[in-house]
Amino acid sequence: KEIKKTLDEYNLSVSVLGCYINPIAADEETCRKQLTLFKDFILYARDFHAVVIGTETGSLGDVEKNHSEEVYQMFVNNMKPLVAFAEENGVTIGIEPVWQCPISSPQVMKRLLDDIPSDNLGVIFDLSNLMNRDVYLKQRQIIDDAFDLFGNRIKVIHVKDFIIKAYDRAVPIFGTGLLDIKYLFSKIENLKVMPELIMDDMRLENYDECTAFLRQILTKH
């Protein structure tokens, strides 16, 4: 409450209260502690009036296992009581899909929203986290899929650039990578409710450069 009071004094709001746990940790005790921590943060999110409390969907350290039906069901079963607790406290949980994790694509994210039908479950959409060497040339299709399947469930968008290296994805200075920012914003404009926009993974020393580029793009757009 003291933190919220200070935020109010400076007219600051909390878009995302991050609690990036591993909700599918293989060790049962570790997993239990992770889920308990998230419940604690749900109460913090309530007190801060955060737009969402955010997490990715965890990992067992192996992409193939992460994408298995067994792990998907584990994630759903672990998430259901957290969503119920969020409902009790008027908090929205934001799930951030990542291609290596159990919720790995727009289609799997839509399945999760159907399997846990709650207005207190939403999406943190970060296109760069869905990019890899196999799909990065299809980014417009992935954007289309996401906005068609659950566009109005998107609570937060990470405006974050990306490049594809030999073995992985990397985050460059915003405006110097492959993100099709104009196309992304053309989809955002059609949403019923404007999501929070966060320039995620941006270093403070690049702030002026990145925001100037974004203003330029949006003005032209």
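In what follows, residues are counted from 1 in the order of the sequence shown. Hydrogens, waters and symmetry mates are skipped; everything else that's a heavy atom, side chains included, is used.
For Q139, there are no side-chain hydrogen bond (donor to acceptor under 3.5 Å, both in side chains) partners, not counting sequence neighbours. The ring-ring contact (aromatic ring centres under 6.0 Å, His included) check on F85 picks up nothing, with sequence neighbours excluded. Every residue two or more places apart in sequence or in another chain was checked for a ring-ring contact (aromatic ring centres under 6.0 Å, His included) with F75, and none qualifies. Among residues two or more places apart in sequence or in another chain, the side-chain hydrogen bond (donor to acceptor under 3.5 Å, both in side chains) test is passed with N206 by none. Residues that satisfy the ring-ring contact (aromatic ring centres under 6.0 Å, His included) test with F41, not counting sequence neighbours, are Y44. Taking D145 as the reference, Q107, Q141 meet the side-chain hydrogen bond (donor to acceptor under 3.5 Å, both in side chains) condition, with sequence neighbours excluded. Legend: residues meeting side-chain hydrogen bond (donor to acceptor under 3.5 Å, both in side chains) with S59, ordered by chain and number and at least two apart, are N66. Applying the side-chain contact (heavy atoms from CB on, under 4.5 Å) rule to P172 yields the partners D161, I163, T176; only residues at least two apart in sequence or on another chain are considered.
For the pair L112 and F150, the minimum side-chain heavy-atom distance is 4.5 Å or more. C210 is listed as a side-chain neighbour of I173, based on a closest heavy-atom distance under 4.5 Å. The side-chain heavy atoms of D47 and K4, taken from C-beta on, include no pair separated by under 4.5 Å.
Among residues at least two apart or in separate chains, salt bridge (charged side-chain N to carboxylate O under 4.0 Å, His left out) pairs with a member in residues 14-40 are E29-R32. The list of salt bridge (charged side-chain N to carboxylate O under 4.0 Å, His left out) pairs with a residue in residues 190-212, not counting sequence neighbours, reads K160-D200, K160-D201.
To the nearest 0.5 Å, atoms CG (L17) and OG1 (T55) are separated by 11.0 Å.
Judged purely by atom type and a 3.5 angstrom limit, H67 has no side-chain atom pairing as donor or acceptor with the backbone of D62. Counting only distance, with no hydrogens or angles, the side chain of S68 and the backbone of E64 share no donor-acceptor pair below 3.5 Å.
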Working for side-chain contact (heavy atoms from CB on, under 4.5 Å), residues F174 and M202: CA-CA 7 Å; F174 184 73; M202 182 187 65; 5.7 Å; no
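Heavy-atom neighbours of I3 CD1 from other residues, nucleotides or ligands within 6.0 Å: at or below the threshold of 12.
Y20 belongs to a hydrophobic cluster with V16, V51, V52, I124, V156, I198, counting contacts under 4.5 Å between side-chain heavy atoms of Ile, Leu, Val, Met, Phe, Trp and Tyr, direct or through other members. Other residues sharing a hydrophobic cluster with V171 under the 4.5 Å side-chain heavy-atom criterion for ILVMFWY residues do not exist; the residue is a singleton.
Note on L82: it clusters hydrophobically with L43, by side-chain heavy-atom contacts below 4.5 Å among ILVMFWY residues.
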